[in-house]
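The next block holds one structure in the form of structure tokens; read it before the comments.
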Amino acid sequence: MVSCLPAFLRLRPIASLNVTTTTTTKAMPSPAHSLEVIGGERDAFLPALRTLDRPYNAFPVICWNRHIETIFAAFFRSLPDVRLKRECLRTKDNGSVALDWVSGDHERLPPDSPLLILLPGLTGGSGDTYVRHMLLRASNKQWRVVVFNSRGCADSPVTTPQFYSASFLGDMHEVVAHVSTRYPKAKLYAVGWSLGANILVRYLGQESHSCPFSGAVSLCNPFNLVISDEDFHKGFNNVYDKALTSALCKIFKKHALLFEDMGGEYNIPSTANAKSVREFDEGLTRVSFGFKSVDDYYSNSSSSDSIKHVRIPLLCIQAENDPIAPSRGIPREDIKANPNCLLIVTPKGGHLGWVAGAEAPLGAPWTDPVVMDFLEHLERGSLETSCSDLKVAKQGSEDLHQLEV
């Protein structure tokens, strides 16, 4: 199933090839790449992604193997020191999520600063290295950043007998509404990883024409949870399955008293002692969210079906060799057909790894500068549009004044 494990070790540099594209109407701005780049908004977005002017060179040794890269990033990537201020948000069903803001930003930044919501992967939170690096980069660019820690993650309180899932968008709706109310003048953006990316894209598809975001980024998205689940039980992937199951059980046991009176189809003993994510989802998740089986839960919670409904600029970045979010699950045709989407697939990267670029091997993932280029491009565009609208309004006011005179 979906996971949010960070990454482990890499190998020799990737030879640079020509970028794979789906159209020939316009020359690519970047000369030498081993990247697959497709999407309805390819020609519009690519010029803004300055990082793509340089080849994707995976770090020697570490990136030789996708599992080594995945595990290396998980355990050895640096953790930026950022002071965070926690806000616990009570949801309508009396549940709780934890929002971690960069401390001092409320006083330091103007109220119309762009606001970025970060959605970590399964069992992940604001303490994960990949989240911290993105948070720090955006904060240094004068963006207001908040990490959305799902129920039970990053010590977020659990106040009801329900966690979160790939299918549940209720908390997402409430978090977006809350931050929008708190900073009504700010443009909203979002970045999600792994399960967080799946939830984000499902939200974008569900909201469609009324989406409050001005742009979003999806990273390591499993997209098709049925395919992801199939691969999750093969070979070395069992290591990730056991690690994630252990993390899920640890969160569950910490709040087990909330679930002790749950009857019906719930299997609390099996959940507490689950040996796989699938077993955990069978005993608890699929029952909590009303699915008749785990397969029903996975097939109806996949974000691959949401891409065709996305109506805001969306950048998706995947790794061809991702062991947890299989490349064959990427909805390439729907991304090609959607005029709002851009997909970049790197040849290496593992899951949440991407040990490449100027800061490799211990610094920020290769994806971070690309993500920031994309978001800043969108923000500049929104500012130019606002200035243009203001100019038109001012001219109209002057014309009306002359008419009145």
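Numbers here simply count residues along the sequence, with the first being 1. Computed from a predicted structure; not experimentally measured.
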**Q.** With sequence neighbours excluded, residues passing salt bridge (Lys or Arg N to Asp or Glu O under 4.0 Å) with D100
**A.** R86
Q. Does the side chain of H178 pick up a donor-acceptor pair with the side chain of E87 at under 3.5 Å?
A. yes
**Q.** Worked check of salt bridge (Lys or Arg N to Asp or Glu O under 4.0 Å) between D53 and R50
**A.** CA-CA 6 Å; D53 289 339; R50 296 165 295 176; over 6 Å; no
Q.
Ignoring hydrogens and geometry beyond distance, is a side-chain donor-acceptor pair present between T159 and N94 at under 3.5 Å?
A. no
**Q.** Pairing residues for E174 by the salt bridge (Lys or Arg N to Asp or Glu O under 4.0 Å) criterion, not counting sequence neighbours
**A.** none
Q.
Regarding E230 and R328, does a basic nitrogen lie under 4.0 Å from an acidic carboxylate oxygen?
A. yes
Q | Qualifying residue, where the test is side-chain contact (heavy atoms from CB on, under 4.5 Å) with S288 and the options are Y266, Y164, F163 | A | Y266
Q.
Could you walk me through whether D334 and K308 satisfy the salt bridge (Lys or Arg N to Asp or Glu O under 4.0 Å) test, starting with their C-alpha distance in whole Å, then the side-chain angles of each, then the deciding distance to 0.1 Å, before giving a yes or no?
A. CA-CA 6 Å; D334 284 341; K308 61 176 71 75; 3.7 Å; yes
**Q.** Test item: N338 side-chain N/O and V310 main-chain N/O as donor-acceptor pair under 3.5 Å
**A.** yes
Q. Got a second to check how far H67's NE2 is from N321's CG, nearest 0.5 Å?
A. 9.0 Å
(Q) Would you say Y189 and E379 are linked by a side-chain donor-acceptor pair, where the criterion is simply a distance under 3.5 Å? (A) yes
**Q.** Reported CG-to-OG distance for the pair N221 and S302, which is rounded to 0.5 angstrom
**A.** 9.0 Å
Q.
Between D322 and R66, does any side-chain N to carboxylate O distance fall below 4.0 Å?
A. no
